[in-house]
Amino acid sequence: MKLYMQVTADKYELPLLVEEDMEVLCRKLGITKDRCWQIICRDKGGSRRGYRIVRIEVDPEDEE
């Protein structure tokens, strides 16, 4: 399963918002899906916005 997370743009990367669906995350952030992909794939810093967006894989067996 994939999770999409808005995290702080510092060394701690604390989660601010977590969603299973990227479109829901985009709607909540008020950005387009294309912009979200740009942030995930290309944007390393995130200091101008104060956040980053990351995609992580979660193994369903580890959830229990």
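Values below: every heavy atom of this structure, side chains too, minus hydrogens, waters and symmetry copies.
Among all heavy-atom pairs drawn from I40 and M22, the shortest one is CD1-SD, 4.1 Å. I53 approaches I39 most closely through the heavy-atom pair N-CG2, 3.7 Å. Shortest non-hydrogen contact noted between D10 and L14 is OD1-N, 4.5 Å. A pairwise comparison of heavy atoms in W37 and R55 identifies CH2-NH1, 3.2 Å as the closest pair. When all heavy atoms of Y51 and L29 are compared, the closest pair comes out as CE1-CD1, 4.3 Å.
Counted by atom type alone, D34 and T32 present zero donor-acceptor pairs between their side chains at under 3.5 Å.
From M1, atom CE reaches atom CG of L3 across 5.0 Å, with rounding to the nearest 0.5 Å.
Among R27, Q6, K28, the one residue that satisfies the side-chain hydrogen bond (donor to acceptor under 3.5 Å, both in side chains) test with E19 is K28.
Between E20 and K2 there is no salt bridge, since no side-chain N of the basic residue sits under 4.0 Å from a carboxylate O of the acidic one.
One hydrophobic cluster holds both V58 and V7 under the rule that ILVMFWY side chains link at heavy-atom gaps under 4.5 Å.
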Subject >> From CA spacing to verdict: side chain to side chain contact (heavy atoms under 4.5 Å, CB included), L25, L17 >> reply: CA-CA 8 Å; L25 180 73; L17 185 61; 3.4 Å; yes

